[in-house]
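Throughout, numbering of the chain's residues begins at 1 and tracks the sequence.
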Amino acid sequence: MLPITEPSHDVAARDRGDTVLALIAAVSMLAFAWAGFQSAEWIRERFLLSDRAAVASEQSLKLAAEADRLEERDTNLFVEWLIAIDAGNPQTAEIVFDLFRSPLKEFVRTVDVDEQGLPTESIYESVEYDVLDLREQSAALDRESNEQSSASRKASDIAARYGGLGILFAAALASSGVATRFGLRVRRPLIIVTAGLLTVGLVAMAITPFTMLT
């Protein structure tokens with residue numbers, strides 16, 4: 001009894017199919033590894049950005065709290081000083097004046113006054129008032145915190161995208177392995193589907209930002 005052999009053209013087609021599947025498997029494996037690496041790097045960057053946002057936010061709150069404390073102190077003393085001036089009590093006014101901080105003293109010495117000796121403008125209109133600088137610094141840090149938080153969310157989205165691509169490449173890799181167990185009639189559609197998955201994944205990965213933090 002003669003051994004049953006496949007026609008030569010079927011053998012050649014199977015060999016070509018094996019070659020294509022091997023290439024698909026190799027590319028899928030490399031793409032899967034790269035997607036996993038990028039996902040981990042973007043997760044790491046997400047935490048770094050989140051930490052920076054938290055630090056900037058904490059510093060912003062501290063500066064804002066310090067500005068509130070100084071402003072409240074200056075306001076209370078300034079009101080007491082005005083009351084003493086208005087009441088015609090120079091001794092009390094002098095005592096309160098000695099409690100003023102340097103910016104407030106400088107403001108009182110240089111500001112224009114009316115007939116009663118009261119300032120004609122507010123200290124908050126003075127560019128040299130240090131509380132205003134503290135508030136500007138606090139606002140700048142708050143903006144930085146928001147920017148870092150936004151970048152952290154973006155990094156998280158990119159990490160999730162690479163995670164999804166990793167699943168797609170794993171599916172292509174598994175499909176290429178399964179295809180080798182079938183005959184030509186089943187193998188050809190599997191090769192087409194697997195190649196399509198791989199192509200879609202590679203295109204998506206090509207337009208996805210990457211990072212090299214390590």
Side-chain angles (χ1 to χ4, degrees), residues 35-165 205 207-214:
F37 169 75
Q38 283 299 307
S39 180
E41 290 296 274
W42 280 105
I43 290 175
R44 178 185 172 191
E45 183 160 335
R46 169 204 168 190
F47 284 115
L48 288 175
L49 292 169
S50 181
D51 288 344
R52 293 172 189 167
V55 170
S57 178
E58 182 179 359
Q59 292 175 345
S60 174
L61 292 174
K62 286 182 178 179
L63 290 177
E66 179 67 7
D68 290 340
R69 185 185 70 82
L70 294 177
E71 183 178 320
E72 182 179 4
R73 181 181 187 275
D74 291 343
T75 300
N76 291 338
L77 289 175
F78 190 63
V79 170
E80 290 182 18
W81 179 76
L82 289 176
I83 292 174
I85 293 291
D86 187 56
N89 193 340
Q91 292 181 341
T92 302
E94 184 177 353
I95 293 174
V96 175
F97 182 83
D98 289 338
L99 298 176
F100 283 179
R101 296 188 307 113
S102 296
L104 191 54
K105 287 182 179 180
E106 185 65 22
F107 169 76
V108 171
R109 291 191 183 104
T110 58
V111 70
D112 294 331
V113 296
D114 57 19
E115 294 84 359
Q116 297 178 336
L118 300 177
T120 58
E121 62 183 59
S122 169
I123 189 173
Y124 301 109
E125 299 174 1
S126 172
V127 295
E128 297 180 357
Y129 189 37
D130 57 353
V131 170
L132 300 180
D133 292 335
L134 289 176
R135 295 205 180 282
E136 289 179 1
Q137 294 174 29
S138 175
L141 286 169
D142 186 60
R143 289 192 297 270
E144 179 183 348
S145 176
N146 290 334
E147 291 173 359
Q148 297 290 349
S149 295
S150 178
S152 176
R153 290 191 294 270
K154 181 179 179 181
S156 179
D157 292 340
I158 295 174
R161 188 183 307 175
Y162 272 110
L165 288 174
M205 189 165 64
I207 62 176
T208 302
F210 67 91
T211 183
M212 299 291 290
L213 290 180
T214 299

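Pairs engaging residues 87-98 under the side-chain hydrogen bond (donor to acceptor under 3.5 Å, both in side chains) rule: Asn89-Thr92 [sequence neighbours left out]. Screening residues 49-63 for salt bridge (Lys or Arg N to Asp or Glu O under 4.0 Å), with sequence neighbours left out, gives Glu58-Lys62. Applying the salt bridge (Lys or Arg N to Asp or Glu O under 4.0 Å) test to every pair with at least one member in residues 139-160, sequence neighbours left out, gives no pairs at all.
For the side-chain hydrogen bond (donor to acceptor under 3.5 Å, both in side chains) test, no residue two or more places apart in sequence or in another chain qualifies with Arg73. Residues meeting the side chain to side chain contact (heavy atoms under 4.5 Å, CB included) test with Pro90, sequence neighbours left out: none. Looking at residues two or more places apart in sequence or on another chain, you find no side-chain hydrogen bond (donor to acceptor under 3.5 Å, both in side chains) involving Thr208. Ala53 is linked by a side chain to side chain contact (heavy atoms under 4.5 Å, CB included) to Ser145, Gln148, Ser149, counting only residues two or more places apart in sequence or in another chain. Residues that satisfy the side chain to side chain contact (heavy atoms under 4.5 Å, CB included) test with Ser50, not counting sequence neighbours, are Ser152. Not counting sequence neighbours, the partners of Val55 by the side chain to side chain contact (heavy atoms under 4.5 Å, CB included) test are Gln59. Here Glu80 pairs with nothing under the salt bridge (charged side-chain N to carboxylate O under 4.0 Å, His left out) rule; sequence neighbours left out. Every residue was checked against the salt bridge (charged side-chain N to carboxylate O under 4.0 Å, His left out) condition with Glu106, not counting sequence neighbours, and none meets it.
Taking OG1 from Thr75 and CG from Leu104, the interatomic distance works out to 8.5 Å, rounded to the nearest 0.5 Å. The structure places CD of Glu66 at 13.5 Å from CG of Leu61, a figure rounded to the nearest 0.5 Å. With rounding to the nearest 0.5 angstrom, the CG atom of Leu48 is 12.0 Å from the CD1 atom of Ile43. Note that the CG atom of Leu77 and the CD atom of Glu72 stand 10.5 Å from one another [nearest 0.5 Å].
Looking at heavy atoms from C-beta onward, Phe78 lies in side-chain contact with Phe100 at the 4.5 angstrom threshold. A heavy-atom distance below 4.5 Å is found between the side chains of Phe97 and Arg109.
Here the closest heavy-atom approach between residue Tyr129 and residue Pro103 is recorded as CD1-CB, 4.2 Å. For Ala155 against Leu49, the heavy-atom pair with the smallest separation is CB-CD1, 4.4 Å. Between Ala159 and Trp42, the closest heavy-atom pair is CB-CB, 3.7 Å. The two residues Trp81 and Ala93 make their nearest non-hydrogen contact at CD1-O, 3.1 Å.
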Validation: residues 134-141 side-chain donor-acceptor distances under 3.5 Å, sequence neighbours left out:
unit_1: Arg135; atom_1: NE; unit_2: Glu71; atom_2: OE1; d: 3.3
unit_1: Arg135; atom_1: NH1; unit_2: Asp68; atom_2: OD1; d: 3.2
unit_1: Arg135; atom_1: NH2; unit_2: Asp68; atom_2: OD1; d: 2.6
unit_1: Arg135; atom_1: NH2; unit_2: Glu71; atom_2: OE1; d: 2.7
unit_1: Ser138; atom_1: OG; unit_2: Ser60; atom_2: O; d: 2.8
unit_1: Ser138; atom_1: OG; unit_2: Ser60; atom_2: OG; d: 3.1

Under the criterion side chain to side chain contact (heavy atoms under 4.5 Å, CB included), I'd like the reasoning laid out for Arg101 against Phe107: C-alpha separation, chi angles, the key distance, then a yes or no. CA-CA 10 Å; Arg101 296 188 307 113; Phe107 169 76; over 6 Å; no

